Amino acid sequence: MKNFEDKWHLIAIDGVAASGKSTTAKRLAGELGYNYLDTGAMYRTVALNLIQNGTDNDDNYAVISSLETAYIKVECKNDQMEIYLGDEEVSGKIRTNEVSKLTSQISAIPEVRKKMVELQRELVKGKDFIVEGRDIGTVVFPDADMKFFLTASVEVRAKRRYADLKENENSKTLDEIEKEIEERDLRDSTRAASPLVSAKDAIEVDTTDMTVNEQVKHLTRIIHTDMRKEPQVYAGE
Ligand code: DC
């Protein structure tokens with residue numbers, strides 16, 4: 001166990017697509033009074049920039065060049081995070097299927113990752129943070145105080161995504177979503193640069209049979225046990 005008392009703290013949450021990382025990380029940040037950083041949103045904003053500029057996404061050189069002019073700004077305050085492309089707040093715009101697909105493609109490019117990792121390390125300096133993504137415990141913050149790796153069966157993840165998308169007039173079937181998730185998992189975990197893998201010292205949590213409240217409760221308990229403090233009472237219990 002690392003020492004939680006004498007410096008700022010960082011908790012890494014990695015895991016497969018739609019395993020509940022974002023919701024859990026955000027809720028945990030609220031519980032613990034930490035800031036919250038969703039690194040997927042940063043890669044998504046790079047992809048949105050490419051789409052908006054009509055860049056040839058298969059041309060790696062063009063994608064890498066776009067990083068020089070993409071002005072991406074992240075503002076984190078407690079469990080709230082805002083992400084800007086230029087002057088525009090784009091949290092909503094980066095959640096489309098088109099952006100998800102392209103993000104998975106361009107996040108395999110080492111130069112894109114290098115730039116995002118630099119930004120991520122800069123952003124968290126000196127503050128307590130919960131950071132979620134794919135490579136947080138392995139590459140970005142290998143010395144994180146605690147690391148979690150979330151998984152869930154692909155069927156359950158597809159159902160969760162289907163329910164989320166349905167609220168936004170989704171036209172996809174459950175089977176199509178399941179296939180997309182499998183494709184993203186495969187791309188994320190087989191890429192050469194920072195593939196999605198669990199850090200050796202990460203605590204793996206299978207969320208297949210857990211509700212969001214149960215996930216938050218489970219992780220909070222582990223964190224408090226690790227801090228050698230009594231578990232606290234929190235919302236949802
Ligand atoms: O968590 P998410 O679904 O918003 O992530 C979108 C994509 O970004 C996903 O395909 C994996 C990629 N990603 C990554 O490569 N590294 C991260 N730290 C976060 C996300």
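Read the numbers this way: they start at 1 and go in the same order the structure lists the ligands and their atoms. For clarity, every value in this text was computed on a predicted model and none was experimentally measured.
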Inset, instruction - Please determine if Y43 has a nitrogen or oxygen closer than 3.5 Å to a nitrogen or oxygen of ligand 1. - result: no
Legend entry - Basic-acidic side-chain contact under 4.0 Å: R134, D14: no
Legend entry - For ligand 1, the portion of R191 having any non-hydrogen atom under 4.0 Å away: side chain
Legend entry - Heteroatom distance test (R184, ligand 1): nitrogen or oxygen, under 3.5 angstrom: yes
Legend entry - Ion pair K93/E88, N-O distance below 4.0 Å: yes
Legend entry - M116 heavy atom under 4.0 Å from ligand 1: no
Legend entry - Side-chain ion pair, E82 and K73, N-O less than 4.0 Å: no
Legend entry - Closest to atom 7 (C) of ligand 1 among I181, V99, T103 (heavy-atom distance): T103
Legend entry - Closest approach of any protein heavy atom to atom 19 (C) of ligand 1, naming residue and atom: T39 OG1, 3.4 Å
Legend entry - Contact check: D135 vs ligand 1, nitrogen or oxygen atoms, below 3.5 angstrom: yes
Inset, instruction - Indicate, as side chain, backbone, both or neither, the part of R187 found under 4.0 angstrom from ligand 1 when only non-hydrogen atoms are considered. - result: neither
Legend entry - Atoms in ligand 1 flagged as close to S104, the criterion being non-hydrogen separation under 4.0 Å: 10 (O)
Legend entry - Carboxylate-amine/guanidinium contact E98 K101, below 4.0 Å: no
Legend entry - Identified side-chain contact (heavy atoms from CB on, under 4.5 Å) counterpart of Y34 within the set I130, L28, L10: I130
Inset, instruction - Report the nearest protein non-hydrogen atom to atom 4 (O) of ligand 1: residue, atom name, distance rounded to 0.1 Å. - result: R44 NE, 2.7 Å
Inset, instruction - If you have a sec, work out which protein heavy atom is nearest atom 1 (O) of ligand 1 and how many Å separate them, to one decimal? - result: R134 NH1, 2.8 Å
Legend entry - Identity and separation of the nearest protein heavy atom to atom 16 (N) of ligand 1: R113 NH2, 2.9 Å
Legend entry - Distance from atom 20 (C) of ligand 1 to nearest protein heavy atom, with residue and atom: G40 CA, 3.5 Å
Legend entry - side chain to side chain contact (heavy atoms under 4.5 Å, CB included) evaluation trace for R157 with E178: CA-CA 8 Å; R157 289 187 286 136; E178 193 172 315; over 6 Å; no
Legend entry - Salt-bridge contact R44-D38 (side-chain N to carboxylate O under 4.0 Å): no
Inset, instruction - Determine, using the 4.5 Å side-chain heavy-atom cutoff (strictly less than), whether L186 and I177 are members of one ILVMFWY cluster. - result: no
Inset, instruction - Before signing off on this row, confirm whether E132 and ligand 1 have an N or O atom pair separated by under 3.5 Å. - result: no
Inset, instruction - Return the residue, atom name and 0.1 Å-rounded distance of the protein heavy atom closest to atom 12 (C) of ligand 1. - result: S107 OG, 3.6 Å
Legend entry - Contact (N/O only, under 3.5 Å) between R161 and ligand 1: no
Legend entry - M42, portion touching ligand 1 at heavy-atom distance under 4.0 Å: neither
Legend entry - E183 and R187 ion-paired at < 4.0 Å: no
Inset, instruction - Tell me, yes or no, whether the heavy-atom count around D87 atom CG, taken from other residues, nucleotides or ligands under 6.0 Å, exceeds 12. - result: no
Legend entry - Hphob cluster co-occupancy, L150 + I203, side-chain heavy atoms under 4.5 angstrom: yes
Legend entry - Subset of ligand 1 atoms that lie under 4.0 Å from at least one heavy atom of D188: 9 (C), 10 (O), 11 (C)
